[in-house]
Amino acid sequence: MAEPKQPDLMEKIVSLCKRRGFVFQSSEIYGGINGFWDYGPLGAELKRNVKELWWRTMTRQREDVVGLEATIIMHPQIWRASGHVDTFSDPMCDCLLTKKRFRADQIEPQSGTAYRFWTAVSFDALQNAALKVQASADLWSRDKVIACLGTAKTREELHDRVRESLAQAKGWMSEEHLTTFHSAIEDVLSTVGDLEFSVLLPQGKPPESARRTALQFYAQRGIKDPVLIGESTEKIENSTRFNPDNGSLLTPPVPFNLMFKTYVGPTATEADVAYLRPETAQAIFAQFKNVLDTARQKVPFGIGQIGKAFRNEVTPRNFTFRSREFEQMELEFFIKPDEAIEAIHGAVITPGPGHPGEPQPAWGWQAWHQYWVEERVRFYEGIGLSRETLGFHHQTAEELAHYARACTDILFKFPFSKKDAQGNVTGDELEGIAARGDFDLSQHQRHSGKPMEYFDDELKGAFAKLAEAKKQELLERFTAVKRGDFTKRGYKPEEIETKAREAAERLSKGFYVPHVIEPSAGADRLILALICNAYREEMIPDSKGTPELRVMMKFHPRIAPVKVGVFPLLKNRPELVAKARQIFELLRPHMTVQFDDAGSIGKRYARQDEAGTPFGVTIDFDTLGEKPELLDTVTLRDRDTTQQTRVTIGELLPLLLEKLR
RNA sequence: GCGAGCGUAGCUCAGUCUGGUAGAGCAUCACCUUGCCAAGGUGAACGUCGAGGGUUCGAAUCCCUUCGCUCGCUCCA
């Protein structure tokens with residue numbers, strides 16, 4: 001992390017991103033669009049480098065992972081099978097008093113007495129109404145008006161009350177006064193209209209507190225010095241319509257639309273609805289069979305994909321951290337169920353802490369999960385994110401999705417990350433590595449009706465050789481796990497037992513739905529982490545000795561947007577410039593290079609430091625042979641140390657390529 | 001989406017209260033200068049003051065609406 005940790009560090013980083021062309025706001029000239037960001041020239045290079053490195057590390061350099069590139073719009077059924085249509089449309093309620101938002105399904109049911117108010121009017125308005133009928137001020141004092149209004153539970157009832165009072169008043173009150181009064185009341189009411197509000201009081205709380213809460217509610221809505229109208233009470237049992245904190249009524253549940261909807265084809269009817277994918281993973285599951293049939297892979301193996309995903313985030317926040325359009329780098333790594341491992345190898349290997357080393361045939365899901373967590377940490381370390389800058393979060397049983405066995409989040413300590421109760425910065429999520437069992441493939445099998453099973457020759461053979469008692473014990477355990485799975489997934493009770501038995505039967509014949517470990521990383525979040533991690537400020541005395549703020553982006557050479565800057569020492573010597581151009585052309589086919597001859601040499605170094613360029617090559621008079629022994633040598637400057645070494649032009653390219661590996 | 005704060009040049013900001021027709025520093029570009037870490041000189045370019053409407057003889061300034069940003073609630077890669 002950058003050393004000076006002022007509160008506005010993030011602002012400075014955002015400003016640098018724009019100033020140097022890392023990140024721009026999308027559609028800025030039209031006022032921008034919330035939650036969408038563009039990468040400028042330096043950002044585009046940076047992101048490309050990162051994605052390429054991920055792809056290389058995760059697929060090309062591994063024998064057991066292949067790639068996929070699927071469409072963003074897929075069959076809408078996919079999102080029913082995955083559960084996104086349901087979970088991404090959670091109904092939300094707002095507290096009418098505090099505006100606090102609740103997920104409707106997470107509100108704890110409340111019981112007690114609900115105090116209901118039909119509306120409220122301001123004291124002044126009532127006073128005025130009373131004044132209008134001044135002639136009978138005695139009878140129509142404010143209190144009486146309130147008494148008249150206050151007990152009516154509905155508008156209709158109020159009118160009855162008014163009529164009643166008027167009937168009583170007849171005889172000594174003129175027709176004119178009665179009309180005046182009636183219309184005065186109407187006037188008051190028309191200024192507020194119906195504004196129903198309720199407060200739920202738990203057993204034993206005084207009614208006054210409900211009234212106080214209601215007064216607050218009406219006061220917030222601009223009714224000065226409110227007078228409550230139409231109080232009534234009602235016994236309430238197990239209701240989720242009230243805020244558990246203050247008893248205030250909530251808005252009715254409004255479904256939240258977190259997936260981007262679109263229409264496929266020229267008509268835009270309900271039947272044409274499709275979604276922009278909210279994650280890239282589902283395409284991998286949906287194409288699992290095709291990949292399996294064509295890629296000559298055996299379980300365990302993985303399918304990797306990099307691609308855009310879209311979520312209608314409630315609140316895009318923290319610069320690019322939570323965007324509505326973002327890119328994911330996801331791997332689905334398919335493994336055998338633990339029971340299959342046990343059948344084949346006798347037992348499942350459970351490794352100790354740390355990286356468990358090269359994959360072993362007898363690894364169960366825990367070993368694989370741990371392996372991928374550690375592999376991913378190595379990846380981050382390899383691009384300059386040290387363990388100290390990262391954080392880890394092991395999801396608790398409550399946080400886990402019902403089908404997940406475990407999930408480890410890899411966090412990065414961003415400048416905007418919050419501190420926990422102990423004052424430690426925990427960080428925000430870059431990647432989640434989930435052990436998802438066979439949930440996803442099974443769901444697609446269930447919804448598509450197409451088998452997602454894998455036939456495991458080795459397993460079939462193993463079961464054939466297994467002692468009957470051991471076999472029965474294993475299958476019994478497998479059945480129990482399946483039973484649990486199917487129950488959680490809402491299968492009909494009568495189906496559960498047969499389905500579970502069926503799955504066990506299939507297992508004994510060598511068939512199973514593979515389980516999956518899912519390392520899912522946010523590309524844009526990683527870019528942001530790399531930018532924050534690289535940002536450095538230093539006070540350095542300039543040539544006059546006055547300290548100057550220097551900003552440097554300390555990117556790891558592997559991912560730096562520009563690898564090397566090439567500079568003629570002086571611009572006004574054509575022979576220096578020409579030689580520098582030659583070197584520029586020499587390097588250009590192999591890496592991103594920038595040629596710069598503007599301003600003083602120091603200024604050019606500083607400019608490249610701010611862009612995060614790790615190396616600088618300067619062509620001086622010695623390059624041209626002023627000192628014959630230095631002919632055809634250049635200085636190679638290291639960004640982080642500012643040290644310069646003299647290297648021959650012949651050595652330059654191999655040396656740089658080595659440093660960039 | 002709701003609440004609070006903010007929006008003036010590429011960047012950082014002054015000017016807004018008290019209306020009179022827009023400024024500074026840095027950055028950018030050109031030329032000169034420069035013999036290794038943001039040197040210096042000369043010149044240039046750069047803002048319909050977030051947008052729209054209103055009040056006014058006159059609006060960056062006052063009022064309304066809208067968009068965007070930041071923070072909180074909520075969601076997550």
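This one's a predicted model, so the numbers in the text were calculated from it and none came from an experiment.
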With sugar-phosphate meaning primed atoms plus P, OP1 and OP2, does [X] contact a base, only sugar-phosphate, or nothing at under 4.0 Å between heavy atoms?
{"X": "A:Phe24", "result": "nothing"}
{"X": "A:Gln25", "result": "sugar-phosphate"}
{"X": "A:Ser27", "result": "nothing"}
{"X": "A:Glu626", "result": "base"}
{"X": "A:Phe321", "result": "base"}
{"X": "A:Asp428", "result": "nothing"}
{"X": "A:Ser15", "result": "sugar-phosphate"}
{"X": "A:Leu526", "result": "nothing"}
{"X": "A:Asp620", "result": "base"}
{"X": "A:Asn572", "result": "base"}

[N] - base-pair partner by Watson-Crick or wobble geometry, distances under 3.5 Å:
{"N": "B:rU56", "value": "none"}
{"N": "B:rC69", "value": "B:rG5"}
{"N": "B:rA22", "value": "none"}
{"N": "B:rG35", "value": "none"}
{"N": "B:rA14", "value": "none"}
{"N": "B:rU74", "value": "none"}
{"N": "B:rA30", "value": "B:rU42"}
{"N": "B:rU61", "value": "none"}

Under 3.5 Å, sequence neighbours excluded: what are the donor-acceptor pairs made by side chains of residues 376-386 of chain A?
{"residue": "A:Arg376", "atom": "NE", "partner": "A:Glu431", "partner atom": "OE1", "Å": "2.9"}
{"residue": "A:Arg376", "atom": "NE", "partner": "A:Glu431", "partner atom": "OE2", "Å": "2.9"}
{"residue": "A:Arg376", "atom": "NH2", "partner": "A:Glu431", "partner atom": "OE1", "Å": "3.1"}
{"residue": "A:Tyr380", "atom": "OH", "partner": "A:Glu431", "partner atom": "OE1", "Å": "2.5"}
{"residue": "A:Glu381", "atom": "OE2", "partner": "A:Arg387", "partner atom": "NE", "Å": "3.4"}
{"residue": "A:Ser386", "atom": "OG", "partner": "A:Glu388", "partner atom": "OE1", "Å": "3.4"}

Let me know the distance between [atom1] of [X] and [atom2] of [N], rounded to the nearest Å.
{"X": "A:Glu610", "N": "B:rC11", "atom1": "CD", "atom2": "C1'", "result": "10 Å"}
{"X": "A:Leu276", "N": "B:rA77", "atom1": "CG", "atom2": "P", "result": "18 Å"}
{"X": "A:Arg20", "N": "B:rU28", "atom1": "CZ", "atom2": "C1'", "result": "11 Å"}
{"X": "A:Leu16", "N": "B:rU12", "atom1": "CG", "atom2": "C1'", "result": "13 Å"}
{"X": "A:Gln395", "N": "B:rC76", "atom1": "CD", "atom2": "P", "result": "9 Å"}
{"X": "A:Leu570", "N": "B:rU34", "atom1": "CG", "atom2": "P", "result": "8 Å"}
{"X": "A:Phe416", "N": "B:rU70", "atom1": "CZ", "atom2": "P", "result": "11 Å"}
{"X": "A:Lys18", "N": "B:rG50", "atom1": "NZ", "atom2": "P", "result": "13 Å"}

Taking only distance into account, with no hydrogens and no angle test, what donor-acceptor pairs under 3.5 Å do side-chain atoms of residues 278-288 of chain A form with protein atoms, sequence neighbours excluded?
{"residue": "A:Glu279", "atom": "OE2", "partner": "A:Gln282", "partner atom": "NE2", "Å": "3.0"}
{"residue": "A:Thr280", "atom": "OG1", "partner": "A:Gln328", "partner atom": "OE1", "Å": "3.4"}
{"residue": "A:Thr280", "atom": "OG1", "partner": "A:Glu330", "partner atom": "OE1", "Å": "2.5"}
{"residue": "A:Gln282", "atom": "OE1", "partner": "A:His444", "partner atom": "NE2", "Å": "2.7"}
{"residue": "A:Gln282", "atom": "NE2", "partner": "A:Asp440", "partner atom": "OD1", "Å": "3.4"}
{"residue": "A:Gln287", "atom": "OE1", "partner": "A:Asn290", "partner atom": "ND2", "Å": "2.8"}

From C-beta outward on [X], which listed nucleotide comes closest to its side chain: [options]?
{"X": "A:Arg322", "options": "B:rC76, B:rC36, B:rU34", "result": "B:rC76"}
{"X": "A:Arg573", "options": "B:rG35, B:rC69, B:rA77", "result": "B:rG35"}
{"X": "A:Tyr605", "options": "B:rC36, B:rC71, B:rA38", "result": "B:rC36"}
{"X": "A:Gln644", "options": "B:rA27, B:rG10, B:rC36", "result": "B:rC36"}

Would the base of B:rA27 count as contacting A:Arg19 through its side chain, where contact means a donor and an acceptor less than 3.5 Å apart? no
If I pick the [atom1] atom on [M] and the same atom on [N], what distance separates them, to the nearest angstrom?
{"N": "B:rC62", "M": "B:rA24", "atom1": "P", "result": "24 Å"}
{"N": "B:rG3", "M": "B:rC64", "atom1": "P", "result": "15 Å"}
{"N": "B:rA22", "M": "B:rG50", "atom1": "P", "result": "15 Å"}
{"N": "B:rG52", "M": "B:rU8", "atom1": "P", "result": "16 Å"}
{"N": "B:rC6", "M": "B:rA60", "atom1": "C1'", "result": "15 Å"}

Taking the inter-plane angle between the rings of A:Tyr371 and A:Trp368 on a 0 to 90° scale, is it parallel (under 30°), tilted (30 to 60°) or perpendicular (over 60°)? perpendicular
Whether the A:Glu69 and A:Gln305 side chains hold a donor-acceptor pair (N or O, under 3.5 Å, no angle test) is what I'd like checked. no
Just by distance, no angles: are the side chains of A:Asp428 and A:Ser417 close enough, under 3.5 Å, to form a donor-acceptor pair? yes
[X] side chain N/O closer than 4.0 Å to the phosphate oxygens (OP1, OP2) of [N]?
{"X": "A:Lys571", "N": "B:rC31", "value": "yes"}
{"X": "A:Arg525", "N": "B:rA77", "value": "no"}
{"X": "A:Asn312", "N": "B:rC75", "value": "no"}
{"X": "A:Arg607", "N": "B:rU28", "value": "yes"}

Residue from A:Lys554, A:Arg550, A:Lys12 passing salt bridge (charged side-chain N to carboxylate O under 4.0 Å, His left out) with A:Glu537: A:Lys12
If you pin A:Asp409 and A:Arg646 to their nearest nucleotides in RNA chain B, which one's is more 5'? A:Arg646
5′-ward residue of the pair A:Ile33/A:Val551 relative to RNA chain B: A:Val551
Sorted by number, residues from residues 627-640 of chain A placing a heavy atom under 4.0 Å from RNA chain B are A:Thr635, A:Arg637
Results of side chain to side chain contact (heavy atoms under 4.5 Å, CB included) for A:Asp409 - residues two or more places apart only: A:His393, A:Gln395, A:Cys407, A:Leu411, A:Glu429
Could I get the full list of side chain to side chain contact (heavy atoms under 4.5 Å, CB included) partners for A:Gln644, not counting sequence neighbours? A:Tyr605, A:Thr635, A:Arg637
Contacts of type salt bridge (charged side-chain N to carboxylate O under 4.0 Å, His left out), residue A:Arg573, not counting sequence neighbours: none
Is there side-chain contact between A:Cys532 and A:Phe414, with heavy atoms separated by less than 4.5 Å? yes
Could you tell me whether a side-chain N or O of A:Thr633 sits under 3.5 Å from a main-chain N or O of A:Leu630, the two making a donor and an acceptor? yes
